[in-house]
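Down below is the structure, laid out as structure tokens.
Because only heavy atoms are used, hydrogens play no part in the values below, and waters and symmetry mates are left out as well, while side chains stay in. Treat the numbers as computed from the prediction; the structure is a model and nothing was measured.
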Amino acid sequence: MITALRGFVGRRQDRVQEAARRWARRRQGDDRGSVALGSRRVYILPTMVGVTFAITAFVMLLGSMNYNNSLAFALTFALAAIGLVVMHHTHGNLANVRLRLGGATSVFAGETLVWTVFVDNPSARERYDIALTSADGVRRAVDVPARASATLEALQPTTARGRIQQERCRISSRFPLGLFVAWGWLNPVESVVVWPQPVAARPPSKPAPGDEGADNHPVGDDDFAGLREYQAGDALSRIAWHTLARGDTLHSKVFLGSGSGPQWFDLADMDPDDIEHALSQLARLVIDGHTAGLSYGLRLAGKVIAPASGIAHRNHCLDALALHDQPQ
């Protein structure tokens, strides 16, 4: 019975909170670039400590009235005055703070996005306990010196490839005594591309159709081209044991054949029954081709990326794989 009652109260509380969040978003709109937390965007309520403090002061007031004790009246009114002053300082500690959305760097599906939020303090007084609570539910706080900036990070787990929008963030403060909590909402419209999680794939062993004249060679045994992360099934002779001796992760050596023509990675050569697995295989080929310093191109249904090399080309190919068959 108690468990059912707690579940019912929890569901009602979640609905009320979600309704309040939707109302706040309609009231303040979406946030882009730089955001100033004006007084109208800062909300404040007592914490459980604050509620206990208020109940204690009220009980003391009843006792003072019952015994008509002047010292008890003085102590009660002093505590009430402290509560009012703390409420004013808690609200002022967060009001007029400026937030700048710093974006995030692309990651692979299953990894955690790290969104950067810069906190600017334009006032002549230091701001204490400025905290950001992100989708993972963890509260991260910093103190911001006068006319200076600090950095906060919001973590957001990912589960699938594609374009991911930054989730709502909560900026709050409980300074100075924790009797009240002041907070504001960030409703960012920033987004970032999440790449497919790479899985093991065999390198292409033949030229793509239409490129029979090109000298396309798979990874061979002639020239050392670099290192890549170890994959299950790699030959023991290809393992770079010296990287493990240095305390690094296990890597395998990559060798190139004698040809110097570009490689082509084609979606049509991958598993036709599982598009997500095929895209993950292509992601592995792109990463290995970049690690080996190859010139490689990418063929997807309706999209062709010409052969090139370098980090910008690698990211371009991974973006194309992440957004394949998805609305742009």
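Relative to the six-membered ring of Trp185, Arg41 misses at least one condition, a distance below 6.0 Å or an angle of at most 45° to the axis.
In the model, Gln156 has a side-chain atom that pairs as donor or acceptor with a side-chain atom of Trp115 under 3.5 Å. At a cut-off of 3.5 Å, with distance as the only test, a side-chain donor of Ser123 or Arg127 sits close to an acceptor on the other residue.
To the nearest 0.5 angstrom, Leu279 atom CG is 10.5 Å from Leu323 atom CG. From Ile305, atom CD1 reaches atom CG of Leu298 across 5.0 Å, with rounding to the nearest 0.5 Å. Interatomic distance, CH2 of Trp264 versus CG of Leu285, reported as 14.0 Å (0.5 Å rounding). In this structure, Cys169 SG and Asn187 CG are separated by 9.0 Å, a value rounded to the nearest 0.5 Å.
Every residue meeting the salt bridge (charged side-chain N to carboxylate O under 4.0 Å, His left out) condition with Arg161, not counting sequence neighbours, appears here in chain and number order: Glu276. The ring pair (Phe, Tyr, Trp, His ring centres under 6.0 Å) search around His313 returns Tyr296, not counting sequence neighbours. When the salt bridge (charged side-chain N to carboxylate O under 4.0 Å, His left out) test is applied to Arg100, the partners found at least two apart in sequence or on another chain are Asp120.
Across all their heavy atoms, Arg147 and Pro122 have their closest contact at CG-O, 3.9 Å. The nearest pair of heavy atoms linking Leu152 to Ala131 is CD1-C, 4.3 Å.
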Pairs under 3.5 angstrom only: tabulate donor-acceptor contacts from the side chains of residues 102-114 to other protein residues two or more places apart or in another chain.
| residue | atom | partner | partner atom | Å |
| --- | --- | --- | --- | --- |
| Ser106 | OG | Val193 | O | 2.8 |
| Glu111 | OE1 | Phe108 | N | 3.2 |

Compile the donor-acceptor pairs under 3.5 Å between side chains in residues 73-94 and protein atoms, sequence neighbours left out, one pair per line.
| residue | atom | partner | partner atom | Å |
| --- | --- | --- | --- | --- |
| Thr76 | OG1 | Ala72 | O | 2.8 |
| Thr90 | OG1 | Val86 | O | 2.8 |
| Thr90 | OG1 | Phe175 | O | 2.7 |
| Asn93 | OD1 | Tyr128 | N | 3.1 |
| Asn93 | ND2 | Tyr128 | O | 2.6 |
| Asn93 | ND2 | Ser173 | OG | 2.7 |

Using the rule given for salt bridge (Lys or Arg N to Asp or Glu O under 4.0 Å), can you reason through Asp288 versus Arg314, listing the C-alpha separation, both sets of side-chain angles and the distance that settles it, and then say yes or no? CA-CA 10 Å; Asp288 290 348; Arg314 186 206 71 162; over 6 Å; no

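Put simply, the side chain of Ser280 does not reach to within 4.5 Å of the side chain of Pro198, judged on heavy atoms. Between Val42 and Trp183, every side-chain heavy-atom pair lies at or beyond the 4.5 Å cut-off.
Through direct or indirect side-chain contacts shorter than 4.5 Å among Ile, Leu, Val, Met, Phe, Trp and Tyr, Ile55 is connected to Val51, Val59.
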